Number of protein chains: 2
Amino acid sequence: MDVDAVRTFVAVTEAGQFQAAADELGITQQAASKRVANLERKLGVVLFARTARGVRLTVDGQALLPHARELLRAAERVTAAVTPGRRPLRIDVVSRRIAPSNILQAFYQQHPGIELDVVALTNADATAALAEVSAGTLDATFRSLRATARTVPAGLRSSRVVDDRHELLVGPRHPLADARTVTPAELTDHPIWMPGMSDPEPIGYYDDLAKAFGLTIDTVGPMFGIEALLAELADSTRLAMFVGEGSRYLWPESYDLRRIPVVNPTPVYPLSVIWRADNPHPVLADFLDYLETRYRATLGEDIWTPDWAR
Amino acid sequence: MDVDAVRTFVAVTEAGQFQAAADELGITQQAASKRVANLERKLGVVLFARTARGVRLTVDGQALLPHARELLRAAERVTAAVTPGRRPLRIDVVSRRIAPSNILQAFYQQHPGIELDVVALTNADATAALAEVSAGTLDATFRSLRATARTVPAGLRSSRVVDDRHELLVGPRHPLADARTVTPAELTDHPIWMPGMSDPEPIGYYDDLAKAFGLTIDTVGPMFGIEALLAELADSTRLAMFVGEGSRYLWPESYDLRRIPVVNPTPVYPLSVIWRADNPHPVLADFLDYLETRYRATLGEDIWTPDWAR
DNA sequence: GTTCCCGGACAACCCGCTGTTGTCCGCGAG
DNA sequence: CTCGCGGACAACAGCGGGTTGTCCGGGAAC
């Protein structure tokens, strides 16, 4: 399957003859003829009815044409995806399970036309991500940033755009399984388990949260994958973990896990978008507007954030 | 833009290393490495971070990946589009302006998932179209057929599935421009103009229609394209033409053409689907069901058809 | 009917890309 | 420190795709 051959096929179709198509493509008529002949041989069908005054599409050619055009568009997008200046908005969401990814998806659904490349810089710390933004390989990163607005590198801008409310995730045999809501004060006697944390960002956040309300939050311990974690949670009478309201975990029906909103106050996880100050991607402004509207709706709620986020 | 290189890129991404991907593709590790290196050179970006234990995607690689997969899917569809046995339902609509094309579009919108290739066998008479169906290059043709159910070639099945109601198309200065409906009897004094007819099918139909109601229908005369025709119609105080209710012509607002339903009785243009009896395309059954439902709703109306269609 | 010319196909040739084999190197694990 | 995995580089071979040159068929003009 040769894209050049397909491109030649489309060009010949549009020109109605090989000679003109070949001129268009900057090759000889013989080369164009060979390309199409090879394509026909590979596909096992005849695409053109050759006449003395040019060519006409056969039935197979007609059926192929829209798919051929689609292939060329796909090839064009492959190139555009990595061409600085005319590529989609490229934004990092850290992980596809947490709020930034889902918020971006909601934005995309409201703006179906826009070109968007979502990448997950798993295992890249904030410094590495900011370096990618500075270097231009990334248009923005959407993540927690303890030092927001203070030590963001020169040339970058940041904006706190989301407060992701915390919920308690517990199995059906946990003492709080049937609570409609819980308060931080009610959690002092229940250990919170957040294994697999390696990033300093969330660890610092949970340390502060534990200190503020006298909670026990265990951020060490081995991580055997999210599936193992959820299974263990479902079986346990003691374990509970925090998850963001905007996060998304899929689990089997049989696990019967519950998300219980935390209130009075609601700990929220502050998330920021960080982008290059000079020459930002045009679509980014739309996204920031979208986030602004979304964020404003949550102002005035009874929330808790660590000192460094205030 | 080489599809094999993109396929290699995706394979390496999935395998996490060149060696395994190369085995998968049946080439040597060196060849896979070269393909990806070429792709990187052409695109001007580095796609993989090479480590001692395999490779990891860079940001550019991550952004490229979904587009690369899309390209492979498009290439797959190009092949499938002409591969007998696993190709989309391929159906001929004669012209994209008339009812069959629009009905197929409505069907497609109700069944967005199906694979459909609509071809327009312009300038192919019924015999040629039926030959394509018999030969297997077409799954079906959707057209008028005077001899429906009588002289359809052996091995084919046909079904009258649509009665396309006639409407009168006139410009704003035509005497009937403001009529809400017209009857055939009221049209005896108004010449009907249907230029550019070369197919025996519609010519025969309009001859019969003219004879049945004493109309004057001119099916000869030069055809300078549909745009010229509509422009002339808009300017004329005398000219009128018939169009099918299911047809679609776009004209500038300024033309101010009107479609006036013809009633008491309504001449309808019978359209049939003709398909291969043995081993028909599976989607065709759905389409015929769809047409059946649609057709049943029009039964009992006050219609006229030529003798040969009864 | 004859001639002309356009447009496509075929043939021969040549270049360069892409694959192979063979080898080296770097890095992580033991 | 050593081993081995995995990737890169080098040299070479084969062929795929490009070019030039030529022929052929059919529509248009006379």
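Just so you know, these numbers come straight off a predicted model, no measurement behind them. Order of the sequence lines sets the chain letters (A, B, ...), proteins ahead of strands, with each chain counted from 1.
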Measure the acute angle between the ring planes of A:F18 and A:F48, then classify it against the limits of 30° and 60° as parallel, tilted or perpendicular.
perpendicular
Is it the case that A:R248 and A:Q105 place a side-chain donor and acceptor less than 3.5 Å from each other?
yes
Mind calculating the distance between CZ (B:F48) and P (D:dG6) to the nearest angstrom?
15 Å
Does one side chain, of A:N38 or A:R41, offer a donor that lies under 3.5 Å from an acceptor on the other?
yes
Taking only Lys NZ, Arg NE, NH1 and NH2, and the carboxylate oxygens of Asp or Glu, determine whether B:R73 and B:E76 approach each other closer than 4.0 Å.
no
Going 5' to 3' through nucleotides 12-22 of chain C and flagging B where a protein heavy-atom sits under 4.0 Å of the base, S where only the sugar-phosphate is that close, and - otherwise, we get B-----SBBBB
Roughly, in whole Å, what's the span from CZ in A:R56 to P in C:dG7?
17 Å
Would you tell me if any nitrogen or oxygen in the side chain of A:R50 comes within less than 4.0 Å of OP1 or OP2 on C:dA9?
yes
Report yes if some heavy atom in the side chain of B:P88 is under 4.5 Å from a heavy atom in the side chain of A:H67; otherwise report no.
yes
Taken to the nearest whole Å, CD/A:Q19 to P/C:dC5 is 16 Å
Candidate nucleotides C:dG8, D:dA8, D:dG6, ranked by approach to the side chain of A:F18 - the nearest
C:dG8
So if I apply the salt bridge (Lys or Arg N to Asp or Glu O under 4.0 Å) rule between B:E40 and each of B:K34, B:R35, B:R50, which one comes out positive?
B:R50
Produce the list of close N/O pairs, under 3.5 Å, pairing protein atoms with atoms of nucleotides 26-30 of chain D; give distances to one decimal.
none

Say whether B:T141 and B:R143, considering side chains only, have a donor N or O and an acceptor N or O under 3.5 Å apart.
yes
Working to the nearest 0.5 angstrom, can you tell me the gap between B:L230 CG and B:D235 CG?
11.5 Å
